[in-house]
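Values below: all heavy atoms of this structure, side chains included; hydrogens, waters and symmetry mates excluded. Treat the numbers as computed from the prediction; the structure is a model and nothing was measured.
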Amino acid sequence: MASLKDHSEDRSSWLFSRDELENSPSRVNSITSAQELQYRTSTCTFIWHLGQKCSYPLFAIATGMVFFHRFFIKNSFSAYEQSVVGATCLFLAGKVEECPKKLKDVVQAYHQLRNKSTQPLLEQSKEFFELKECILIHERIVLNMLSFDISVTHPYKFLMSMVQTIDAVVRRAESQSGKAEVSDAGRQLCDVAWSFTNDSLRTTLSLQYPAEFIAMGAISLALKLRKWKTVLPSGNWVSLISSEFKVTGMSDQVLRDICSQILDFYERMKHPAVPPPALPPRPPVVPQAATSGTPTGAKPVVNPNGCPQKGTRWEEGKTYYMQGSVPQPYELMKKGQVYSCSCSAWRYFPHKEEKRTCKHLRTARGETAERGRVGADAIAKSDEMMRRATTQMPQRVDKRKGEGPPNSDAKRAR
């Protein structure tokens, strides 16, 4: 049997201690360990549903979850929108696992899941283009954060072989004792352990232990759940697997810890400690009569856009309205050091919240004030996004002249 030690060494750079996980970058932004764990769980659940909606195979979904965990061990959850990073990790994982999907399909599925809508986005709409552009930008960010290390080894790789080894030894022992029975216990054991492995992806186990350790933990839980008694001639099944597959470093304490973390996941699902990440703000539906200024009942504004005059201090927590290119106005607000806008460009801007900007904030506050607040890099990124939105906005296709060359969709898949 081939040794699994090499696989462990390949993953050693992405294995972290409990202390390192407890002191992740999210602690700097006052996100507790329990909250971070809940954010990971809820976003991995979102990745799972998004992957199924896009018809990704299991290995691609699993790889996307591992990418997501690795990304946020180096970044704070307050710096990026979790669902966008999750969708990006899944899109990238599809390429890594050689089952890529068209980006427009991922964008449509993301929009429907995130907004609980059955209506697809118009491919000619600005929001569709901005979300598509956002995923492409985040793809480069994720690859850089991963140092282009996209190699992932999953527990599934070892699970079936380990179960088959246990089942074969048990059948041989029963046959020698004259108690052999025809049963599908091995298949049942594999199915249950496979389910535990699926759920382990929503925990941080992939950041703590090699894949073969997690596979053995899933098998241990499956044996306990089904109350199977394994009669092994050379001791318990752990020593058998460790010897057969040359697994080093496995101990009873490690096995208990893996099982405990998987069981804790089920407990969190029943009694969540914190709510899942909130949806990004959406523009309110405002009556047409109010779109030229502030909504009905609000105080008079000091300029036609509904925002304070340039150079004037913004009131803390107050919502200002600015009319854009769509019927409903955008919401602008100041909270602490964060100036926010409800437009897609601000929500998907690849910077921390306090360093995000958009053309609406730049118009309302002035170029000089925004440049001083967010810096030249953010202004340059905003210019780039606006320029690409203007020059690359999809054009309406004349159906009488066909849909273009056969490979046109393939070129746009990225």
Rounded to the nearest 0.5 Å, how far apart are OG of Ser26 and CG of Leu37? 11.5 Å

Evaluate the criterion salt bridge (Lys or Arg N to Asp or Glu O under 4.0 Å) for residue pair Lys95 and Glu139; output intermediate values, then yes/no. CA-CA 11 Å; Lys95 299 178 183 179; Glu139 183 181 28; 2.7 Å; yes

Verify, without hydrogens or angle tests, whether Arg373 (side chain) and Glu354 (backbone) share a donor-acceptor contact under 3.5 angstrom. yes

Does the Lys NZ or Arg CZ of Arg40 fall within the cation-pi geometry relative to Phe72 - under 6.0 Å from the ring centre and within 45° of the axis? no

Is Glu315 salt-bridged to Lys334, cutoff N-O under 4.0 Å? no

Can you name the nearest heavy-atom pair linking Ala215 to Leu159, along with the distance? O-CD1, 3.8 Å

Go through the steps for Tyr209 and Asp257 under the test side chain to side chain contact (heavy atoms under 4.5 Å, CB included), then give the verdict. CA-CA 10 Å; Tyr209 298 107; Asp257 184 49; 2.4 Å; yes

Least distance between heavy atoms, Val254 atom then Gly249 atom: CG2-O, 4.3 Å

Hey, are His69 and Thr203 close enough side-chain-wise for a donor-acceptor pair under 3.5 Å? no

SB check Arg187 Asp191 (cutoff 4.0 Å): yes

Do Thr88 side-chain atoms and Val84 backbone N/O form a donor-acceptor pair below 3.5 Å? yes

Answer whether the closest heavy-atom distance between the side chains of Cys89 and Val142 falls below 4.5 Å. yes

Please answer whether the main-chain N or O of Met216 pairs with a side-chain N or O of Ser220 as donor and acceptor at a distance below 3.5 Å. no

Please examine the side chains of Trp14 and Leu146, heavy atoms only from C-beta on, and report whether any two atoms are closer than 4.5 Å. yes

With distance as the sole test, does His138 use its side chain to make a donor-acceptor pair with the main-chain N or O of Cys134 at under 3.5 Å? yes

Min side-chain heavy-atom separation Val247-Phe158 under 4.5 Å: no

Run Tyr320 and Met333 through side chain to side chain contact (heavy atoms under 4.5 Å, CB included) and show every step you take. CA-CA 6 Å; Tyr320 300 100; Met333 180 184 295; over 6 Å; no

Parallel, tilted or perpendicular: which describes the rings of Phe46 and Tyr110, with under 30° parallel and over 60° perpendicular? perpendicular

So, Glu370 versus Thr357: side-chain donor-acceptor pair below 3.5 Å or not? yes

Is it true that Gln261 and Gln208 share a donor-acceptor pair across their side chains at a distance under 3.5 Å? yes

Given side chain to side chain contact (heavy atoms under 4.5 Å, CB included), test Glu212 with Lys157 step by step and report yes or no. CA-CA 8 Å; Glu212 59 271 23; Lys157 182 180 180 67; over 6 Å; no

Report yes if the distance between the aromatic ring centroids of Phe71 and Tyr80 is under 6.0 Å, otherwise no. yes

Value rounded to 0.5 Å, distance of CD1 in Ile258 from CG in Leu263: 12.0 Å

Before you tell me yes or no, could you show the steps for Tyr56 and Val106 under side chain to side chain contact (heavy atoms under 4.5 Å, CB included), namely the whole-Å CA-CA distance, both residues' side-chain angles and the distance that decides it to 0.1 Å? CA-CA 10 Å; Tyr56 276 107; Val106 176; 3.7 Å; yes

Roughly how far, to the nearest 0.5 Å, is the CD1 atom of Ile47 from the SG atom of Cys54? 12.0 Å

Main-chain N/O of Ile31 paired to Arg27 side chain as donor or acceptor, under 3.5 Å: yes

Could you give the distance from CZ (Arg70) to CD1 (Ile150), rounded to the nearest 0.5 Å? 10.5 Å

Check: Trp48 and Asn198 side chains under 4.5 Å, non-hydrogen atoms: yes

Which value, rounded to the nearest 0.5 Å, describes the distance between Lys352 atom NZ and Ser78 atom OG? 6.5 Å

Quick one: are Gln124 and Phe129 in side-chain contact, heavy atoms under 4.5 Å? no

Sidechain-backbone polar pair: Trp346 side chain, His360 backbone, donor-acceptor under 3.5 Å: no

Look at atom CD of Gln253 and say whether more than 12 heavy atoms of other residues, nucleotides or ligands are closer to it than 6.0 Å. no

Verify the neighbour count for atom CG of Asp377: are there more than 12 heavy atoms of other residues, nucleotides or ligands below 6.0 Å? no

Checking side-chain polar atoms at under 3.5 Å, does Glu36 have a donor or acceptor matched by the opposite partner on Ser24? yes

Give a yes or no on whether the backbone of Leu121 and the side-chain of Ser125 come within a donor-acceptor separation of less than 3.5 Å. no

Using a 3.5 Å distance criterion without hydrogens, assess whether the side chain of Gln35 forms a donor-acceptor pair with backbone atoms of Thr32. yes

Please check: side-chain N/O of Lys355 versus main-chain N/O of Ala378, any donor-acceptor pairing under 3.5 Å? no

May I ask you to test the Tyr156-Thr197 pair for a side-chain heavy-atom distance under 4.5 Å? yes

Does Lys101 offer a backbone N or O that forms a donor-acceptor pair with the side chain of Asp105 under 3.5 Å? no

Hydrogens and angles aside, do Ser83 and Arg114 bring a side-chain donor and acceptor to less than 3.5 Å of each other? yes

What distance separates Met145 CE from Ile73 CD1, expressed to the nearest 0.5 Å? 13.0 Å

Using side-chain heavy atoms (C-beta onward) and a distance below 4.5 Å, is Leu113 in contact with Lys53? yes

Is there a side-chain contact between His154 and Val66 (heavy atoms, below 4.5 Å)? yes

Flag yes if more than 12 heavy atoms outside Lys74 fall under 6.0 Å of its NZ atom; otherwise flag no. yes

